[in-house]
Number of protein chains: 2
Amino acid sequence: MSDSDTTRQPAKKGRPGYDQQAVLDVAVAAFIEHGYDATSMGVLASRLGLSKAAIYHHFPAKDQLLGAALSEALDSLEGVLAEPGAISGNAAARLAHVIRGAVRVLVNKLPYVTLLLRVRGNTEVERDALRRRREFDHNVTALVEAARAEGSLRDDIDPRVVTRLLFGMINSIAEWYRPGGPESADQLADDVLAMALDGLSTAPGT
Amino acid sequence: MSDSDTTRQPAKKGRPGYDQQAVLDVAVAAFIEHGYDATSMGVLASRLGLSKAAIYHHFPAKDQLLGAALSEALDSLEGVLAEPGAISGNAAARLAHVIRGAVRVLVNKLPYVTLLLRVRGNTEVERDALRRRREFDHNVTALVEAARAEGSLRDDIDPRVVTRLLFGMINSIAEWYRPGGPESADQLADDVLAMALDGLSTAPGT
DNA sequence: GTCTATAATTAGATAGAC
DNA sequence: GTCTATCTAATTATAGAC
């Protein structure tokens, strides 16, 4: 449930001798690069330097690799909604906390969240993930509505549109953010909040 | 180059007797539903009520179906940058024009743009599309920089981050907008501009 | 934990008739 | 413009040895 760090050290011996997590990380990187469907167990095996059969020792099927990655992302996102800062305080503060938390999770679990954002519901594993993601969205929309009712947010845009544009902005970070780049997660969260809440314009009321 | 309407009438005879455009539209719908890689020529044939071989009469290969769709999207987006409103006037007005134009293209060519936004560069066709899309982004970033130099936009966020968050917001519309829904393209563009330029907050300078 | 070998199925694509 | 039939290669997954 802690959302720091996505890459584990080998932790074990010298070389071959993968554990589940190490196999998963390589698989996730491949899924991101070529897409889940376009990544065959064959190229996955090449990347790992293993035979295809060896992968089946760690995961019973290809879609379980995806499932494990999606769960990791969803556990973290749902965790944000359960944090104290998302539960107590006025709605505007809780919403800001959730926005910061979502950016933090996105950055800290970048590969897993990246996969989550690309899921289309082809398999039962993917449909499960979509269901959990939709519930997360509903919870955020409720927060937006509360902040609006409170008078903290403008009321001339539909709350669902607001939530969608807001997370459109946040989620798009997965398409270009790379760890070790110039921006930190906190700075990125500041930028998102500044743009979303105060806007880009220097002239008021364009 | 006109970007209205994506669905053509049969225009021809009674039933089987597809033309290229009709085949393309069915293929694009399938690609969106299941993803390009997960859509086999077999299921495509079923959807069309044709044999696989018949599809090859209209398109020489599977990736040419994708290529035709991506070109349509890119032609329209590039067309926006060539419109008078994107060329003359101050930078802030030109940027607003491009944002409105991008939303308009997104809505009017929804299926094609949706596919464009999902391309990862697996094939040469996809890499070509990514190159064109990158150039579009560069042109918009230049506009953001000009608007900033002009004093119209806040200068405490990196222009590339601004462009990416802005188009993250715009492009995310493809994930939920459905024609015939409550929002019109113009209204949606208004919402995007309102949120991006003036922000959501009712309190100034949060 | 990894291997070789292979089963069973499906993929994209073509030939040639109508 | 569409068909049936077919090709080759690749796909996911399993069996069983080491």
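Throughout, protein chains are lettered first and strands after them, A, B, ... in sequence-line order, and every chain is numbered starting at 1. On a predicted model such as this, the values are computed, not experimentally measured, just so you know.
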Separation of [X] atom [atom1] from [N] atom [atom2], in whole Å?
X       : N      : atom1 : atom2 : result
B:His57 : D:dG1  : NE2   : C1'   : 5 Å
A:Leu50 : D:dC18 : CG    : P     : 20 Å
B:Leu48 : D:dT2  : CG    : P     : 9 Å

When rounded to the nearest 0.5 angstrom, what distance separates CG in A:Leu117 from CZ in A:Arg133?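 One finds 5.0 Å between CG of A:Leu117 and CZ of A:Arg133.
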For the salt bridge (Lys or Arg N to Asp or Glu O under 4.0 Å) test, which of B:Arg100, B:Arg104, B:Arg94 pairs with B:Glu83?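 So, applying the salt bridge (Lys or Arg N to Asp or Glu O under 4.0 Å) to B:Glu83 and each of B:Arg100, B:Arg104, B:Arg94, only B:Arg104 qualifies.
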Derivation and outcome, side-chain hydrogen bond (donor to acceptor under 3.5 Å, both in side chains), residues B:Asp191 and B:Gln187: CA-CA 6 Å; B:Asp191 290 349; B:Gln187 194 184 333; 4.8 Å; no
Let me have a per-nucleotide readout for nucleotides 10-17 of chain D, 5' to 3', with B, S or -, counting only protein heavy atoms under 4.0 Å. -SBBBB--
Got a sec, which residues hit ring-ring contact (aromatic ring centres under 6.0 Å, His included) with A:Tyr177, two or more places apart in sequence or on another chain?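 With neighbours one apart ignored, the set is empty.
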Looking at A:Arg131 and A:Asp128, does any basic side-chain N land under 4.0 Å from a carboxylate oxygen?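 So A:Arg131 pairs with A:Asp128 through a salt bridge.
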